[in-house]
Amino acid sequence: MADNDIETVIVGGGAAGIAAARRLKNAGMKCLIVEARSRLGGRAWTVADPSGLPVDLGCGWLHSADRNPWVAIAEEQKKTIDKTPPPWRRPSLPLGFPPGGQRDFLKNQEEFFARVGERAQQEPDVAAAELLTPGGQWNNLINAIATYISGVELDRVSARDFDNFDDTGVNWRIVEGYGATIAACGDSLPVKLDCPVRRIDHSGKRIKIETAVGTIEADQIIVTVPTTVLAESHGFFAPSLPDKIKAAQNLPLGLADKLFLSLEQAEEFEKDSRLFGASDRTATATYHLRPFGRPQIEVYFGGRCAADLEVTGDDAFFDFAVSQLVGLLGSKFAQRVKPIRIHRWRADPFARGSYSYAIPGMADERAVLAAPVDGRLFFAGEACSRGDFSTAHGGWNTGLAAAEQVLRARKRA
Ligand SMILES: Cc1cc2nc3c(=O)[nH]c(=O)nc-3n(C[C@H](O)[C@H](O)[C@H](O)COP(=O)(O)OP(=O)(O)OC[C@H]3O[C@@H](n4cnc5c(N)ncnc54)[C@H](O)[C@@H]3O)c2cc1C
């Protein structure tokens, strides 16, 4: 397809961009995904460990799996769905965190979620941290879990947005990788890789998409780049779109990073079990032992803890994990684990974080971000979703919605 022949350009080839392009291509439109990276998938990214096992450095869980469109796509691709209940739905190993304490913690966390739910209906919106019990014994751990959910501590999250998150509680996985499934879904789509967009000039009749390797023209555009990238890209739109940039700033990406470790004598642990590094502080990692029964540990870091470690480098994550594991399992345990892979999502120039949250008072900015401009600039990406934000199915749904908006706009024109 000649570049001057294109009707719709989709900026970004993650879950949202792939969904949009698939819908438009099926409708017979000439569309093109313009992607900065040398691969499709964005924050969905499966890589192979040294023995060839797939590991997901980005999304791994099919959240709300009973209504998640990626389940059917994975099945179409003949991939294997694993329905083992996730470790956070079962008791964790009692090391350093006895069962009675775990029950007490879960009760307190449920009560906290209920207070957030009640407060979310009232004005004004507040930071979710305001709903913690003052001086509560489990506040630090509730906050640590929040850094895995939102990528940020509760003092920075809108209670209303936190409550808007709509999850059915059914969580499955794809054995061959969520990232591999999403990337494969884009296989037959028209894509230009290694092509970062620098500016979108929408002053003329045709929109000019200025990239690092030349200018592409289109009638419509769907922008799916992550909010923090959008907020930091000065002069991205010409003429400028201050409402969009402000919305992106109010919906920044929090940070969650995953470190994969190989584990010797893994059978000592139950398949898909979990260990908290500590239960008395926010700056802690959690350890998913033997994911899919594999001889690995998947370590989760979130919020300021992850941000501080990112500044020091990859080794800092490994050192942090080993020191917590040795504290719980004894000094010999250090010899049983080796680093496989980590990706620092804050340092990634085309992500700048992991998933979006709304700062207090800003939950409604998701609708502002998602609103079309002039009937020819459209917006998608997980941050545009009211209830499925921060997820890959949220990305898919918003991409599909933006494609439908394009089709309706073309009918009207
Ligand atoms: C560690 C981690 C764990 C996660 N766990 C889960 C999980 O278990 N379940 C779940 O559902 N979700 C999870 N997520 C979130 C999920 O991965 C994302 O919400 C989803 O992939 C976002 O899709 P998207 O299309 O909105 O954005 P992206 O995937 O970020 O796609 C945007 C695309 O735009 C490209 N781009 C950026 N700038 C430019 C530019 N200037 N020009 C051209 N292209 C550009 C990017 O390279 C990217 O490919 C996780 C994310 C991370 C990082």
Side-chain angles (χ1 to χ4, degrees), residues 55-56 58-71 74 79-117 128 138-151 154 157 162-175 177-178 254 256 258-260 263 266 268-279 282 284-294 296-303 324 328 354-355 387-394:
V55 294
D56 273 312
C59 56
W61 290 97
L62 292 154
H63 297 308
S64 296
D66 47 346
R67 61 168 179 82
N68 184 324
W70 289 110
V71 172
K79 295 215 160 62
T80 322
I81 306 288
D82 183 295
K83 299 186 178 176
T84 309
W88 66 88
R89 293 257 161 207
R90 290 179 286 143
S92 297
L93 296 184
L95 290 173
F97 197 12
Q102 292 190 33
R103 282 193 294 274
D104 198 34
F105 160 69
L106 285 175
K107 183 172 162 284
N108 272 266
Q109 186 176 239
E110 279 311 312
E111 287 166 2
F112 165 72
F113 289 154
R115 284 195 298 277
V116 171
W138 299 109
N139 286 358
N140 286 338
L141 193 55
I142 293 173
N143 223 351
I145 305 281
T147 69
Y148 314 133
I149 298 174
S150 304
L154 292 163
V157 184
F162 195 86
D163 187 60
N164 279 347
F165 186 68
D166 183 13
D167 186 70
T168 66
V170 182
N171 300 281
W172 299 339
R173 284 170 296 176
I174 304 171
V175 175
Y178 204 164
K258 295 196 281 186
L259 164 70
F260 287 84
L263 172 65
E268 176 192 339
F269 299 101
E270 197 190 324
K271 174 179 174 301
D272 285 308
S273 50
R274 180 166 76 157
L275 190 56
F276 279 95
S279 57
T282 300
T284 184
T286 63
Y287 301 82
H288 178 171
L289 303 160
R290 298 184 65 204
F292 298 102
R294 293 168 183 165
Q296 293 176 348
I297 307 179
E298 190 172 338
V299 192
Y300 290 73
F301 301 85
Q324 284 203 314
L328 293 165
S354 302
Y355 27 80
D388 291 327
F389 55 83
S390 82
T391 68
H393 61 282

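Start at 1 with the first residue, then count along the sequence.
None of Tyr178, Trp88, Tyr148 except one satisfies the ring pair (Phe, Tyr, Trp, His ring centres under 6.0 Å) rule with Trp61; the exception is Trp88.
Distance CD1/Ile142 to CZ/Phe112: 6.5 Å, rounded to 0.5 Å. To the nearest 0.5 Å, atoms CD1 (Ile145) and OG1 (Thr286) are separated by 7.0 Å. Rounding to the nearest 0.5 Å places CD of Gln296 at 11.5 Å from CG of Leu289. Note that CG of Leu95 is 13.0 Å distant from CZ of Phe276, once rounded to the nearest 0.5 Å. Atoms OG and CZ, on Ser390 and Phe165 in that order, are 4.5 Å from each other to the nearest 0.5 Å. Atom CD1 in Ile297 sits 4.5 Å away from atom CG in Leu263 (nearest 0.5 Å).
Between Tyr300 and His288, the angle of the ring planes stays under 30°, which puts this pair in the parallel group of the 30/60° scheme.
Between the Asn68 side chain and the His63 main chain, a donor and an acceptor come within less than 3.5 Å of each other. For the pair Ser64 (side chain) and Arg67 (backbone), a donor-acceptor distance under 3.5 Å is absent. The backbone N or O of Gly58 lies less than 3.5 Å from no partner atom in the side chain of Asp56, so there is not a single donor-acceptor pair.
Residues Thr168 and Asp66 approach most closely at OG1-OD1, 2.5 Å, considering heavy atoms. Taking each heavy atom of Gly101 and Trp138 in turn, the nearest pair found is O-CZ2, 3.4 Å. Considering all non-hydrogen atoms of both residues, Cys59 and Ala392 come closest at SG-CB, 4.0 Å. Residues Phe301 and Leu259 approach most closely at CE1-CB, 3.8 Å, considering heavy atoms. The heavy-atom pair separating Val71 from Ala65 by the smallest distance is CG2-O, 3.4 Å. Considering all non-hydrogen atoms of both residues, Pro69 and His393 come closest at CD-CB, 3.8 Å.
Listed by first then second residue, pairs satisfying salt bridge (charged side-chain N to carboxylate O under 4.0 Å, His left out) with a partner in residues 268-278 read Arg90-Glu270, Arg173-Asp272, Glu268-Arg336, not counting sequence neighbours. For the salt bridge (charged side-chain N to carboxylate O under 4.0 Å, His left out) condition, the pairs that include at least one residue of residues 95-113, sequence neighbours left out, are Lys107-Glu111.
The side-chain contact (heavy atoms from CB on, under 4.5 Å) check on Gln102 picks up Pro91, Ser92, Phe97, with sequence neighbours excluded.
Leu93 is listed as a side-chain neighbour of Phe269, based on a closest heavy-atom distance under 4.5 Å. Side chains of Ile174 and Ile81 form a contact here, defined as non-hydrogen atoms less than 4.5 Å apart. Two residues are said to be in side-chain contact when any heavy atoms from C-beta on lie closer than 4.5 Å; Phe292 and Thr80 fail this criterion.
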